[in-house]
**Student:** 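The structure is given below, and queries will be raised subsequently.
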Amino acid sequence: MRLTLILLFIIMVNITSLSAQDEVVCDDGLRLVTHELLDEAICVPENPERIAVLGTLHPIELMLLLDIEPVVRPSDRTLEALYGGSPAVYNRISEMVADIPINDVAGFDLDTLIEAEPDLIILRGSGYLVEQLEEIAYVFRSPSERDGFGASELDSLYAEVMDVSEDYEQLRANYEERVQVLLDNLEADVLGASMVYMQDANDDYYITLPGFAGWDIFSDVGFVPVDTLPTTADDAFETYGYHTFQVTQETLAALNVVDIIFMNSNIRPSGESEMSRAVIEKYETDSLLMSLEAVQNENLYPVSLYWQLSGLISAHLILDDMFMFFTDLNPQVVAPNPFLIDDTSSENTSD
């Protein structure tokens with residue numbers, strides 16, 4: 001009996017010792033962060049006030065919604081490309097970041113970052129000289145997009161790292177309220193409709209699959225993927241090695257009837273500009289697309305680049321477009337876009 005107790009004591013001591021070794025202890029000025037997207041707990045700066053973002057726009061959109069200025073920002077060309085389909089949002093963002101040094105999303109300028117004096121750098125993607133960045137500030141390396149995480153998961157992770165989780169939860173609740181208003185007013189034939197999201201890249205068409213961040217919103221609004229295509233990010237990556245594949249006559253023929261197609265061609269979804277009208281006419285007469293029932297039934301909706309979903313601002317813009325496409329309601333009246341809530345023009349964000 002005594003020997004058994006001694007053995008149990010030794011085992012418990014070893015277990016406690018191993019647990020202590022695995023426990024992460026943060027230095028002064030750092031705090032512990034745990035999240036479902038992290039393999040293990042990490043230490044990040046407490047209350048970061050000067051945040052630089054590289055390789056992604058998700059944290060920047062979250063920061064702008066919370067009136068937090070990043071210490072560097074995307075170029076005017078990037079902002080126009082992404083938000084130009086919504087002049088109201090583009091103008092507001094441009095005004096908010098006008099005096100912030102430019103350090104574009106696709107790369108970084110070391111001198112600009114040094115002068116910006118960040119206390120936290122959020123980094124996503126490869127090709128960066130991480131060791132140089134770590135000499136400037138603490139670097140948080142975000143999970144890769146290839147991992148197939150949804151936009152809401154990534155946003156909650158960034159909020160945790162930036163120590164604004166409570167504020168993010170309020171923003172998320174507002175988004176969900178807007179989704180519910182949209183669901184309550186969707187046309188009957190849209191509820192539960194199958195859909196395909198395509199991208200127009202120099203007249204080559206690509207079908208986007210789960211694993212692409214925008215699928216969060218499609219699912220929230222009740223759209224379902226075509227049943228001949230992968231329905232999860234893991235299946236998409238296993239089948240195609242990525243979350244898109246190029247459209248051919250053969251791949252289109254393999255699709256079941258598609259109720260709705262969203263086509264990202266970076267135009268204003270309202271179709272009021274001359275370029276928008278020309279692009280829409282091109283799709284309606286395109287020999288590859290004309291065979292699809294959705295096109296024949298005028299259920300193809302050209303959309304703007306913010307449908308790539310770069311964060312919560314983009315998510316709200318997508319909801320605005322869906323209100324325009326599938327209801328007779330002005331979202332700024334029934335469920336205002338929070339980023340434009342102070343906009344006196346009360347224009348539809350896609351006009």
**Student:** Check the side chains of Tyr168 and Asp155 for a donor-acceptor pair under 3.5 angstrom, ignoring hydrogens and angles.
**Tutor:** no
**Student:** Should the pair Asp28-Arg31 be classified as a salt bridge under the 4.0 Å nitrogen-to-oxygen rule?
**Tutor:** no
**Student:** At what distance, to the nearest 0.5 angstrom, does CG of Leu209 lie from CZ of Phe237?
**Tutor:** 9.0 Å
**Student:** Under 3.5 Å, is there a donor on one side chain and an acceptor on the other for Asp109 and Asn103?
**Tutor:** no
**Student:** Which distance, rounded to the nearest 0.5 Å, do you find between the CD1 of Ile313 and the CG of Leu64?
**Tutor:** 5.0 Å
**Student:** If I compare all heavy atoms of Glu117 with all of Arg50, which pair ends up nearest, and what's the gap?
**Tutor:** O-NE, 3.1 Å
**Student:** Tell me yes or no: between the side chains of Asp321 and Tyr306, is some donor less than 3.5 Å from an acceptor?
**Tutor:** yes
**Student:** Would you please indicate yes or no on a ring centroid separation below 6.0 angstrom for Tyr197 and Phe262?
**Tutor:** no
**Student:** Between the side chains of Ser142 and Tyr158, does any donor sit under 3.5 Å from an acceptor?
**Tutor:** yes
**Student:** Within the 3.5 Å criterion, strictly below it, is a donor on Asp104 or Ser75 matched to an acceptor on the partner's side chain?
**Tutor:** yes
**Student:** As an exercise, state the distance from CG of Leu312 to OG of Ser152, rounded to the nearest 0.5 Å.
**Tutor:** 9.0 Å
**Student:** Assess the side chains of His58 and Ser310: does a donor N or O sit below 3.5 Å from an acceptor N or O?
**Tutor:** no
**Student:** Just one of Ile93, Leu79, Val53, Ile60 clears the side-chain contact (heavy atoms from CB on, under 4.5 Å) bar with Arg73, so which one?
**Tutor:** Leu79
**Student:** Quick check against the 3.5 Å criterion: does Thr285 have a side-chain atom that pairs as donor or acceptor with the backbone of Glu281?
**Tutor:** yes
**Student:** Look only at the side chain of Arg92 and the backbone of Phe339, and say whether a donor-acceptor pair between them is shorter than 3.5 Å.
**Tutor:** yes
